Structure formats: structure tokens, C-alpha cells
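Here the structure comes first, spelled out in C-alpha cells, and everything after it is commentary.
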There are 2 protein chains.
Amino acid sequence: MKSITSTSEKILDIAQSLIVAGGYNGFSYADISAAIGIRKASIHHHFPTKAELVSVLVDRYRQQTEAGLKSLREGVSSPAEQLQAYMNYWHSCIRDASLPFCVCAMLASEMQMLPEEVASQVQGHFHSLARWLASVLQTGAENGHLRLDKQPEEEAQMLMASVHGAMLSARAFGDPELFIAIVAPQIARLQAQD
Amino acid sequence: MKSITSTSEKILDIAQSLIVAGGYNGFSYADISAAIGIRKASIHHHFPTKAELVSVLVDRYRQQTEAGLKSLREGVSSPAEQLQAYMNYWHSCIRDASLPFCVCAMLASEMQMLPEEVASQVQGHFHSLARWLASVLQTGAENGHLRLDKQPEEEAQMLMASVHGAMLSARAFGDPELFIAIVAPQIARLQAQD
DNA sequence: ATTTACCTACCTACTAGTAGGAAGAAGACA
DNA sequence: TGTCTTCTTCCTACTAGTAGGTAGGTAAAT
């Protein structure tokens, strides 16, 4: 029987945290090797090439995200609270330094020199996140709980950019609270206060 | 007499474009060497270490930015137009691919593994950009040309995050127009329409 | 005479990736 | 049940190429 976290999963976990810290070119097989006490060659056994490793990693990240966002839509009552829960998720990730940056946001900044397979998956993540946000916003607008100035798709893009920019500012200033200070008003703006 | 663009300047120009494309770990002395037809060792003559090269580069970038923002404040009439001019500057940079990402935003994403001297300069850029935006917003609020929901400093942080997030989205989707679509409404929101 | 800007040639450390083998687990089968 | 075979996982040892950086020299400008 396999241990609850297989070696492949451990490799992906470490690689993910290294990418979040320094991007695609910011880590090596040797770094992973040192972190989990396994030889470099053994990592190549699980993931023959770096491009493949990151590709699988992003795939896993997208699945986790997709599942998380789906359960968020089902578990939380109102659209406004769904947005807030999404924001709070990232806030705690940044505060406890567990995942202080979105993997795909990190990789998107290096878009131009990413292996093509990875680049298209990163773009895919941006698409599905924008879709999720637009869907939440539209539902909110239909219910009258949210008031949109623009089309849901446009508002979704604005909100997504705000979240990514807030991550960057929080990192640049070394201040996790800055994330909330930036994103919260953007969400509040959308809540109808009549 | 030195040529209008000295070798050092050429090195910095190339290095800057390489950083914008792939970050600190995304370029090497060999890349610069190949791009301007000079030997690696000659680059070390101008910039002994990579950390020093990037440090000088960021310093130059900050000076250029500071000068640009200053002349923007002096040359453009109203605060709202100053914000729009700032946005348009980045829009054309992204569209013609001359500087399709802020150097400091790029480096900020790698903050954790940057040489300390570089990291503090990047943070310095974020500070001074936030200060400039806050100052423009405050002037606008005092003149009554802008209507702020929050303190100028908070609104400045929100606007800055929006700009950086919009750069990222434009890159991720490969669509320069997305930048404007995200930032323009954020500026429009601040314009008093009574 | 010294400095500047460049060169060739080199160094050590690290990069992703490969070859081939050892040890054990998992089935298949008598 | 034992044992033969195969697959998985990991290893040592290696490759070619690249990373940042250095030593020491040449030629021209100051």
C-alpha cells in the first residue's frame, strides 16, 4: 500500500512551493532532491523532463482550484459571500505563507519563455477563473445582490486583475494585510447598498 | 567622445528586455553577450556581478520612471488626465511590445530570491509609485475633479494593483487591449460625474 | 604612464537529462 | 506453498552544456 502522500505528490508539493517562490527558472531538480531526500535521477524517473513536471503540476493545481471554486459556489449562500470567501482563502494563504502566490499568476509573468504546453495551461487557468468570477457576478446581478457597472465578464477581469495585483503588492511590501486592503473595497463596491 | 549609446547602456537595455521577458533567473551574461556581440568577460568588466548589474538597472529604471512621472504631473493639466496618460503610456508599451511589463513588477514576483540590494530597490519603486498616485488622487480630490471612496493612499494601492494585475492578464491572454479594458474603468470610477 | 575597453582562455559549480544496475513488491503458476 | 518473472522505485555514476565569475593580456585613448 502506498503512503498517503506518494513520492510523486511530494515532488509536486515541493516543486509548487519553489515555483511560487521563484518561478519556472527559479528551481532545479537538485533543489527538489535536497528538499525531500531523494536523488535527482529518481525525480527524473517520476517526471522525465522539467516541462512535464511543471505541466503535471499546473494540471493538478487547476483541478484543485476548479474543485475548490465549485464547492465554494455550492457551499456558500450568496454571490457576495462567495467572492469574500475566495478573497479570504487567498488572504490566509498569504498570511500563513502556505501558498503566498497563485502558481499560475507566477508562471504567467514568465509566459514568454515557458514551454508551450505549460503556457497554454496557464492561460487555461486564467480563462476558467475569469469564467467562475463572471458566473458568480452574473448570478449576483440577477438576484439583485450585486450591482455591476459593466458586463459580468468585464467586471470579472477587473476583479481578477485586482486580486493578482494585490498579491504582488503584498509580496513587494512584505505585508499580507495589504492584500485585503486592496481587494475588499473592490468587492464592497459591487454590493448593492440600497 | 562616447557613442550616443555607450556599451554599458546597451548592456542595460538588453538586460532590461530580458528581465521583462523572463525575470532575474531568466537571463544570463551569455544571453546579453550574444545579443550585443560582445564577450561575456567584457560584460563583467562593466558590471562585475549579476546582482550589481540588475541593481544598476533598477536604479536607472527608477530614475527614468521618477522623471517621467514628474514631467507627467507638470505637463498634463488635470489629475484625471494624468492618470489616463499614465495608463496610456503602459498601453502603448504593451501594444508595441517595447516594454510589455514593468521591470519592478516582474522582479517583485521573484522578491523572495532576489539579492537583498535589488529587493529593497524594487520595494522602493513600489513606494514611490504609490506615493505619486496618491498625490495625484489627493490633488484631484481637493480640486473636486476626482471623487475618492477611501483615503488617497488606499485608492492609490488599489489603482496600482489594478495596473499590475492588468499587465499580467494582458500577458496571460496575449491581448494588449485587455490592459485598457481593466484599467480604464478603474480610473473612470474615480471621476466625479455630477 | 595609466586607464579604459575589450579580448582569449579558463575555472568551479550547477543545469537537465541518461545509462545501467540493485532491491523489493506483485503476480503468475506449478 | 515456493519460485520464477516482471514492474516499480530508487540508486550510483555519468554526460554535455551552461551558470556566474576570474586571470591575464592587447590595443587604443587620456
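Quick note: numbers below take in every heavy atom, side chains included, and nothing from hydrogens, waters or symmetry partners. None of the values given here were measured: they were computed from a predicted structure.
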Quiz item: Linking I/L/V/M/F/W/Y whenever any side-chain heavy atoms sit under 4.5 Å apart, do Val118(A) and Phe173(B) land together?
Solution: yes
Practice problem: May I ask you to verify if any side-chain N or O of His45(B) is less than 4.0 angstrom from the OP1 or OP2 atom of dC6(C)? | Solution: no
Check residues 32-45 of chain A and write down every donor-acceptor pair under 3.5 Å in which the side-chain atom is one partner and the other belongs to a residue at least two apart or another chain.
unit_1   : atom_1 : unit_2   : atom_2 : d
Ser33(A) : OG     : Ile38(A) : O      : 2.6
His44(A) : ND1    : Pro48(A) : O      : 2.9

Exercise. Take Glu81(B) and Ser78(B) through the side chain to side chain donor-acceptor pair (under 3.5 Å) test and state the conclusion after the steps.
Key: CA-CA 5 Å; Glu81(B) 287 173 67; Ser78(B) 79; 3.2 Å; yes
Practice problem: Establish, with yes or no, whether the OP1 or OP2 oxygen of dC6(C) is under 4.0 angstrom from a side-chain nitrogen or oxygen of Thr7(B). | Solution: yes
Quiz item: Considering residues, nucleotides and ligands other than Gln151(A), do more than 12 of their heavy atoms fall under 6.0 Å from its CD?
Solution: no
Practice problem: Would you jot down, in residue-number order, the residues of residues 13-40 of chain A having a non-hydrogen atom under 4.0 Å from DNA chain D? | Solution: Ile38(A), Arg39(A)
Quiz item: Does Ala21(B) offer a backbone N or O that forms a donor-acceptor pair with the side chain of Gln112(A) under 3.5 Å?
Solution: no
Quiz item: Which stems, defined as runs of 3 or more consecutive Watson-Crick or G-U wobble pairs with both pairing distances under 3.5 Å, involve DNA chain D?
Solution: C:1-30 with D:1-30
Exercise. Return no unless some side-chain N or O of His44(A) is found under 4.0 Å from OP1 or OP2 of dA19(C).
Key: no
Quiz item: Can you tell me how far the CZ atom of Phe101(B) sits from the SG atom of Cys93(B), to the nearest 0.5 Å?
Solution: 13.0 Å
Quiz prompt | 5' priority, DNA chain C, between Pro48(A) and Ala41(B) [closest heavy atom] | solution = Ala41(B)
Quiz prompt | Heavy-atom donor-acceptor pair, Arg62(B) side chain to Gly124(B) backbone, under 3.5 Å | solution = yes
Quiz item: Nearest-Å distance, CZ (Phe47(A)) to P (dT9(D))?
Solution: 11 Å
Exercise. Answer yes or no: does a side-chain N or O of Ser42(A) lie under 4.0 Å from OP1 or OP2 of dC11(D)?
Key: yes
Quiz item: Atom NZ of Lys50(A) to atom P of dC14(C): distance rounded to whole Å?
Solution: 15 Å
Exercise. Assess the pair His164(B) and Phe126(B): is the distance between their ring centroids shorter than 6.0 Å?
Key: yes
